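Structure first, commentary second.
Every heavy atom of this structure was used, including side-chain atoms; hydrogens, water molecules and symmetry mates were not. It should be emphasised that the depicted structure is a prediction, and the values quoted were computed from it without experimental measurement. One is the number of the first residue; the rest follow in order along the sequence.
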Amino acid sequence: MWRVVPHRDNKEADISFIANLKRHSNTVNCVRFSPTGLILASGGDDGAMFLWHEREDKASDSSFLDDDSEQNKEHWVAYKMLRYVKQLLFYSECLTKQQNKI
């Protein structure tokens, strides 16, 4: 994930690395934040959709961290995975304002 902060002149932007979200086994086609920004949904060619939330405590058991974890400024955790038996390609997803429907 990257943070993009546009300049007022709209010609350039400050771009900084925030976090690496590793769970998909193939190309990720779509990533969407919920309206509140508390949930992130990602879907891709592997037929899986992951729901993520930001971990409150930045310190955690190192067995769950990947090689990039120390570079992460934010720590997002996949807490739900939706997978289909047949190959399903996700190209778009949308979360409702109540964050209870995809």
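Between Val4 and Ala13, the shortest heavy-atom distance links the atoms CG1-CB, 3.9 Å. Pairing each heavy atom of Lys22 with each of Trp52, the nearest pair is N-CH2, 4.0 Å.
Residue Ile15 is grouped with residue Phe17 when hydrophobic side chains (ILVMFWY) are merged at heavy-atom distances under 4.5 angstrom, including chains of intermediate members.
His53 NE2 to His75 NE2: the interatomic distance, rounded to the nearest 0.5 Å, is 13.5 Å. To the nearest 0.5 Å, the span separating CZ on Arg32 from CD1 on Ile39 amounts to 15.5 Å. Note that the CD atom of Gln71 and the CD1 atom of Ile18 stand 14.0 Å from one another [nearest 0.5 Å].
Checked by atom type and distance alone, the side chain of Asn72 pairs as donor or acceptor with a backbone atom of Asn20 at under 3.5 Å.
Counting heavy atoms from C-beta on, the side chains of Leu51 and Tyr79 come closer than 4.5 Å. By the 4.5 Å heavy-atom criterion applied to side chains, Leu40 and Met1 are counted as neighbours. With a 4.5 Å cut-off on side-chain heavy atoms, Lys80 and Phe50 do not count as touching. Contact of the Met49 side chain with the Ser42 side chain is not registered, since no non-hydrogen atoms from C-beta on lie closer than 4.5 Å. For the pair Trp76/Arg55, no side-chain contact is recorded, criterion being any heavy-atom separation below 4.5 Å from C-beta on.
With no hydrogens or angles considered, no side-chain donor-acceptor pair links Ser16 and Trp2 at under 3.5 Å.
The side chain to side chain donor-acceptor pair (under 3.5 Å) test applied to Asp14 returns His7, not counting sequence neighbours. Listed by chain and residue number, Glu74 satisfy the side chain to side chain donor-acceptor pair (under 3.5 Å) test with Arg3 (two or more places apart in sequence, or in another chain).
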